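Have a look at the structure below before the remarks.
Note on naming: letters A, B, ... go to the chains in the order of the sequence lines (proteins, then strands), and numbering restarts at 1 for each one. As the structure is a prediction and not an experimental result, all values here were calculated from the model.
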Amino acid sequence: MKNAVISELFDQMADIMEILGEDVFRISTYRKVARIIGDLPTDVEMLLATGKLAEIPGIGKSSLAKIEEFVKTDTITAHQELLKKIPPTLLELLTIPGLGPKGTKAIYENLKVKSIAELKKALQDGLVEKLPGFGEKKAAALAKGIDFLQKSTGRIRLDQAMEAADIVTAFLKEQSGVEKVQPAGSLRRRAETIGDVDILVASKRGEQIIQAFTGAKFVQEVLASGPTKGSAIIQMETTPVHVDVRVVPSKSFGAAAQYFTGSKQHNVRLREIAVKAKMKLNEYGLFRGDKMVAGPVEEEIYKKLGLDYIDPLLREDRGEVEAAEAHKLPELIRLVDIKGDFHMHTSASDGKCSIEELAEAAKELGYKFICITDHSKSSAIANGLSAKQLAQQIKEIHKLNEKIKGITIFAGSEVDILADGSLDFDHKLLSELDFVIASIHSGMGSPRQKVTSRTLKAMDNPYVSCVAHPTGRLIGEREAMDIDIAAVIKQAAQTHTALEVNSNPYRLDLKDVHCKMAIEAGVKLAIGTDSHNIESLSLMSFGVATAGRGWATKDDVLNTLTPVKIKTWVKTKRPK
DNA sequence: GCCGTTTTCGGCCCGACTGTTTTCAGTCG
Ligand SMILES: Nc1nc2c(ncn2[C@H]2C[C@H](O)[C@@H](COP(=O)(O)OP(=O)(O)OP(=O)(O)O)O2)c(=O)[nH]1
Ligand SMILES: [Mg+2]
Ligand SMILES: [Mg+2]
Ligand SMILES: [Zn+2]
């Protein structure tokens, strides 16, 4: 799939044009195209062939021609031409926090600095601070910026962000004059990775609160500190986390929540609608002239713009604004709709606790079912079960179902999809299970055709009810397999197989846009926590959020069915 | 570069913080 490369090239063209000082609106068009292509869940080549690409707003003739050229030749002439105008390594400088295109241009033209390494040297030699527009402080900030960049671990996982947000939120709630505290930004939208943690505060005492925040003991470094907002790095156990705090008076809290939750592109869309309606939208409110039309309550902002309320999970400018205008937003799946969990491991394979312990914990969560899915024998590292052990476990589950009331324990397996697409267990044994999930744990680096056909073949098996973590990614650690997700989804629809939304924050697999594709194809989602202990059962909320980001309703998710209905659903695929 | 029942030309979201600036540009949210 060429989407990612095309997206990068458009961003790079925008970067170069910015350094060259070209028209800012033209540049933002390139950035928009980069974002659109980067967000596409489907192969750009397919969309191009069907003419769908040209229909996407924001992609005009010129961009379309560039994309077409890349699809055919693997290059974009305009990109090549731009690259001739600056040394490619100069683009590194744009990644330094605090240094933008203007500064980069000045440093390049005056000092002939072409890379971060050379900039470091120039800073040490005291050359940068002598440049017009620069000074001692700016030079020092740049040195710090480089340091930070080289130490930075990049975007963090949702669970890490949540932990940091909890600490800061608790601290802010203690401060006098604080009326409300609300995590915002990509964390509130439950994006799959988080660049920085954004927290909104309602208070009249902005300056004092920001000072308290930047002076807090968990703060390692202060990046900015003013009367309404502050930025700092806090050191968590596993990683440093960048936190932005914004304070507004409570009469603006709704508007500020809208602003600070984003996404940026979603905000721009709303502000455009406001302008068209002769109004102005900012973080202080929605205004017609001097009159505040909405502000204290977030829902009112949407209402007064003529839109249905848009759940934060959907605010990515992926069609939600149009849907809100047309009153066609989905009623999203919620955690309270979830009746059970499809994926968990016991101490029989690599889990930490017994079936009974998991069942009791699930009952506490109000669940009506759980599905025990230990690994199969090929996953030797995970202590996978042999056929004999699995048969034994099935018996044990039947006994436990007699003993434990109020919850149904499904006998299941996370059965390995072998190299040839066959499974670790025969039909006879699989037929004795209530719900089988199949997944790939080996040969994940194989070519696209190979991993795809393995997965497709597994779905042909009438006893496979679900494919678990279909792309196999581990966020921050391992790329997704090169798998044809469109083909997997099509096959899932045809074979009556569900696709998992793995809730582990390392996985979130399927991811949001793939969930959306699956739902549009009529495929059901099965959310599983992949728990190896009791605590992880609560990861369900991440899976539900990911499905919600994929526009999932109650009807799209198997976890909302009663155990009886799940059994019926499974039988549909099996031989009569 | 893109787009349009107010426009096919002329707009394009809007504001906070920093540093070097004497009135604001650059960068970022
Ligand atoms: N109107 C407007 N709002 C913006 C702009 N940039 C950022 N915001 C708002 C929306 C963002 O969600 C929010 C927080 O900014 P961040 O840079 O932290 O982005 P966000 O949290 O969405 O993603 P992240 O995971 O941090 O990269 O501020 C902008 O250019 N215009
Ligand atoms: Mg953020
Ligand atoms: Mg932020
Ligand atoms: Zn598992």
Side-chain angles (χ1 to χ4, degrees), chain A residues 10 13-15 17-19 21-36 54-67 78 93-107 128-142 144-145 184-186 195-200 206-207 210-211 214 222-232 242-248 252 255-287 301 305 317 321:
Chain A
F10 271 84
M13 289 191 279
D15 284 344
M17 289 191 292
E18 244 181 342
I19 293 172
E22 293 188 17
D23 180 68
V24 292
F25 298 108
R26 197 163 155 240
I27 291 164
S28 82
T29 303
Y30 278 69
R31 294 230 184 267
K32 189 170 178 180
V33 173
R35 186 187 60 84
I36 291 170
E55 288 170 19
I56 299 175
I59 299 187
K61 269 193 176 159
S62 170
S63 301
L64 198 68
K66 291 184 180 74
I67 294 166
L93 269 58
L94 294 175
T95 64
I96 301 169
L99 187 61
K102 307 289 177 191
T104 298
K105 185 170 195 239
I107 287 169
V128 175
E129 63 204 63
K130 298 203 181 72
L131 289 179
F134 288 76
E136 262 177 52
K137 282 188 177 172
K138 222 170 210 176
L142 285 187
K144 262 195 171 174
S186 49
D196 69 8
V197 169
D198 304 286
I199 297 178
L200 176 64
E207 187 137 30
I210 295 302
Q211 275 172 13
T214 53
V222 179
L223 303 173
S225 171
T228 77
K229 75 185 204 185
S231 262
H242 177 164
V243 181
D244 288 343
V245 173
R246 182 73 201 259
V247 187
V248 296
S252 294
Q258 193 293 306
Y259 152 72
F260 214 27
T261 298
S263 66
K264 174 187 169 182
Q265 204 50 46
H266 176 88
N267 288 358
V268 171
R269 290 296 308 277
L270 259 50
R271 288 169 184 213
E272 283 171 357
I273 291 173
V275 169
K276 277 208 187 95
K278 304 225 182 304
M279 295 189 279
K280 182 172 76 169
L281 176 60
N282 58 30
E283 62 265 50
Y284 298 106
L286 179 65
F287 302 89
I301 305 284
L305 288 173
D317 189 27
V321 175

Hey, is the side chain of A:Lys138 poking within less than 4.0 Å of OP1 or OP2 on B:dG26, counting only N and O atoms?
no

Under 4.0 Å from any atom of DNA chain B, heavy atoms only: list the residues of residues 259-269 of chain A that qualify, in numerical order.
A:Tyr259, A:Lys264, A:Val268

Please report the distance separating the P of B:dT8 from the corresponding atom of B:dG19, rounded so that it comes out in whole Å.
46 Å

In whole Å, measure the gap between the P atoms of B:dG1 and B:dT7 for me.
25 Å

Contacts under 3.5 Å, N or O only, protein and nucleotides 22-24 of chain B:
none

Go through the structure and list residues passing side chain to side chain contact (heavy atoms under 4.5 Å, CB included) with A:Ile96, not counting sequence neighbours.
A:Leu93, A:Leu99, A:Ile116, A:Leu119, A:Leu142, A:Ile146, A:Leu149

Contact between A:Leu94 and A:Glu18 at the side-chain level, heavy atoms closer than 4.5 Å - yes or no?
no

Between B:dT5 and B:dC12, how far apart are the P atoms? Round to whole Å, please.
15 Å

With syn meaning chi within 90° of zero and anything else anti, the base of B:dT21 is anti

Euclidean distance for P, B:dC2 against B:dC13 (whole angstrom)
16 Å

Partners meeting side chain to side chain contact (heavy atoms under 4.5 Å, CB included) with A:Lys66 (sequence neighbours left out)
A:Phe10, A:Met13, A:Tyr30, A:Ser62, A:Ile76, A:Ala78

Could you tabulate the donor-acceptor pairs under 3.5 Å formed by side-chain atoms of residues 131-140 of chain A, not counting sequence neighbours?
residue, atom, partner, partner atom, Å
A:Lys138, NZ, A:Gly133, O, 3.4

Quick one: salt bridge (charged side-chain N to carboxylate O under 4.0 Å, His left out) pairs with a partner in residues 273-283 of chain A, sequence neighbours left out?
A:Arg246-A:Glu283

